[in-house]
Amino acid sequence: MSFTRQLFLVTRREVASLLCMPLYYVLCGVFFMLAALVYLQQLVVFSQGGQGTSVNATDSVVVPTFQMLHFFLLIQVPLLTMRVFAEDRSNGMLDLLQTMPARDWAVLGGKFLATFLGIAIYTTITPIFPVVTGMMTIVDWPVVIGSVIALLLSSAGYVSIGLLFSAASESQVAAAVLSYVTLFMLAFGQAFASASNVQALDDAARHFTVTEHINGLISGNIAPMNVAYFVVMAWVGLFVTARLLEARRWRST
């Protein structure tokens, strides 16, 4: 069986499993409910000319909304990824997959694509907020495009980190906790570096933490460095996970 066929079969199985999971729909509903509340709050403050708001609807409404949407994704991704390998390990499905003629990269790639597609389904609907704003005022659409790309790229990176700890942990709870610790360190590490009052540490943290790159993309700066940051994050997470699966296969033989 070809690699492409293996990848397709694993992806289809994982998508079906995800769409049958009540937690997925709960997270979708919570995501859009919170997103709508944040958007309406920003829109009301902007329409009333609140203190500190810009005359630009993009800066006052769209950018803050997408920044909060990114934070919501940061919270949700570990809840979706914690079960991917841990659940298969507990019910014996992972052993079955690894004894079949399926390559580790096909298994890993299928699980990654399925989880990423599940998140992308509701991530790609988020432009509804700037579309509504555009009906009332002028919106900077390159910023909107950069914001959607930021959500998709960060989702890919976060999913790879979540899969890594799901493959490394025996418990779903442990996988989620380790994912949260890592992602929050990546997201807010610069704040700790700034508190140290060491300029060199602060400068290094600015380049290695998520905040600098996600804010750049959301502001419409689709620079190669900002894109490469999340591509490298996704690749490193998947590479290490593949090595863990390979080591597990050898131990079981």
Side-chain angles (χ1 to χ4, degrees), residues 3 6-7 9-18 20-21 23-24 27 70-120 152-189 192 205 208-210 213-214 228-253:
F3 174 82
Q6 293 175 4
L7 180 66
L9 290 176
V10 175
T11 303
R12 185 178 65 178
R13 171 186 175 272
E14 291 298 320
V15 168
S17 176
L18 183 66
C20 292
M21 187 172 62
L23 177 63
Y24 175 72
L27 292 177
H70 166 255
F71 179 73
F72 296 155
L73 283 179
L74 190 72
I75 297 294
Q76 289 194 352
V77 169
L79 297 177
L80 289 174
T81 58
M82 65 181 184
R83 48 161 286 279
V84 175
F85 283 105
E87 186 177 67
D88 279 356
R89 186 186 297 108
S90 63
N91 60 25
M93 181 58 68
L94 185 58
D95 292 328
L96 178 62
L97 287 173
Q98 292 198 306
T99 56
M100 295 174 65
R103 305 176 190 176
D104 290 333
W105 272 104
V107 174
L108 174 58
K111 290 178 176 294
F112 171 81
L113 286 175
T115 309
F116 175 74
L117 289 173
I119 296 173
L152 292 173
L153 286 175
S154 60
S155 297
Y158 298 161
V159 167
S160 71
I161 297 296
L163 292 182
L164 167 61
F165 289 112
S166 181
S169 307
E170 297 291 336
S171 164
Q172 294 188 33
V173 175
V177 170
L178 290 171
S179 298
Y180 277 126
V181 170
T182 303
L183 294 180
F184 273 84
M185 286 299 296
L186 286 172
F188 304 108
F192 294 104
F208 286 100
T209 55
V210 169
H213 303 283
I214 201 73
Y229 176 85
F230 292 103
V231 172
V232 171
M233 181 192 297
W235 171 251
V236 170
L238 291 175
F239 179 81
V240 176
T241 306
R243 299 286 74 79
L244 289 175
L245 293 177
E246 182 180 351
R248 189 178 189 278
R249 182 192 290 269
W250 281 106
R251 286 197 303 268
S252 61
T253 57

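What you see is a predicted model; the values in this text were computed from it and never measured.
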In this structure, OH of Tyr158 is separated from CZ of Phe116 (nearest 0.5 Å) by 13.0 Å
Would you say Ser166's side chain and Thr81's backbone share a donor-acceptor pair under 3.5 angstrom? yes
Output the distance between atom NE2 (His213) and atom CG (Leu186), rounded to the nearest 0.5 Å. 10.0 Å
Is there a side-chain contact between Leu74 and Tyr180 (heavy atoms, below 4.5 Å)? no
Would a 4.5 Å heavy-atom cut-off, applied to side chains only, mark Thr11 and Glu14 as touching? no
Identify the two heavy atoms, one from Val10 and one from Lys111, that lie closest to each other, and give their separation to 0.1 Å. CG1-N, 4.0 Å
If you compare all heavy atoms of Ala176 against all heavy atoms of Pro78, which two are closest, and at what distance to 0.1 Å? O-CB, 4.1 Å
Checking side-chain contact (heavy atoms from CB on, under 4.5 Å) for the pair Arg83/Leu23: CA distance, chi angles, key distance, verdict? CA-CA 11 Å; Arg83 48 161 286 279; Leu23 177 63; 5.8 Å; no
Is there side-chain contact between Val210 and Tyr229, with heavy atoms separated by less than 4.5 Å? yes
Under the 3.5 angstrom rule, does the side chain of Ser160 hit a backbone N or O of Leu238 as a donor-acceptor pair? no
Looking at side-chain heavy atoms only, is the closest gap between Leu117 and Leu18 below 4.5 Å? no
In this structure, OG1 of Thr209 is separated from CD1 of Ile214 (nearest 0.5 Å) by 11.5 Å
Does the side chain of Leu244 reach to within under 4.5 Å of the side chain of Phe85, using non-hydrogen atoms? no
Ignoring hydrogens and geometry, is there a side-chain-to-backbone donor-acceptor pair from Tyr24 to Gly118 under 3.5 Å? yes
Pairwise distance CG(Leu80) to CG(Leu73) - rounded to 0.5 angstrom: 9.5 Å
Can you check whether Arg13's main-chain N or O pairs, donor with acceptor, with Ser17's side chain at less than 3.5 Å? no
Hey, does Ile119 have a side-chain heavy atom less than 4.5 Å from the side chain of Gln76? no
Rounded to the nearest 0.5 Å, how far apart are CG of Leu163 and CE of Met82? 13.0 Å
Indicate the atoms forming the closest heavy-atom contact of Ser179 with Ile161, along with that distance. OG-O, 4.2 Å
Would you say Val236 and Phe239 make side-chain contact, with heavy atoms under 4.5 Å? no
Closest contact, heavy atoms only, Ala156 versus Phe112: O-CE1, 3.4 Å
Heavy-atom pair with the smallest gap, counting every atom of Gly237 and Leu164: O-CB, 4.2 Å
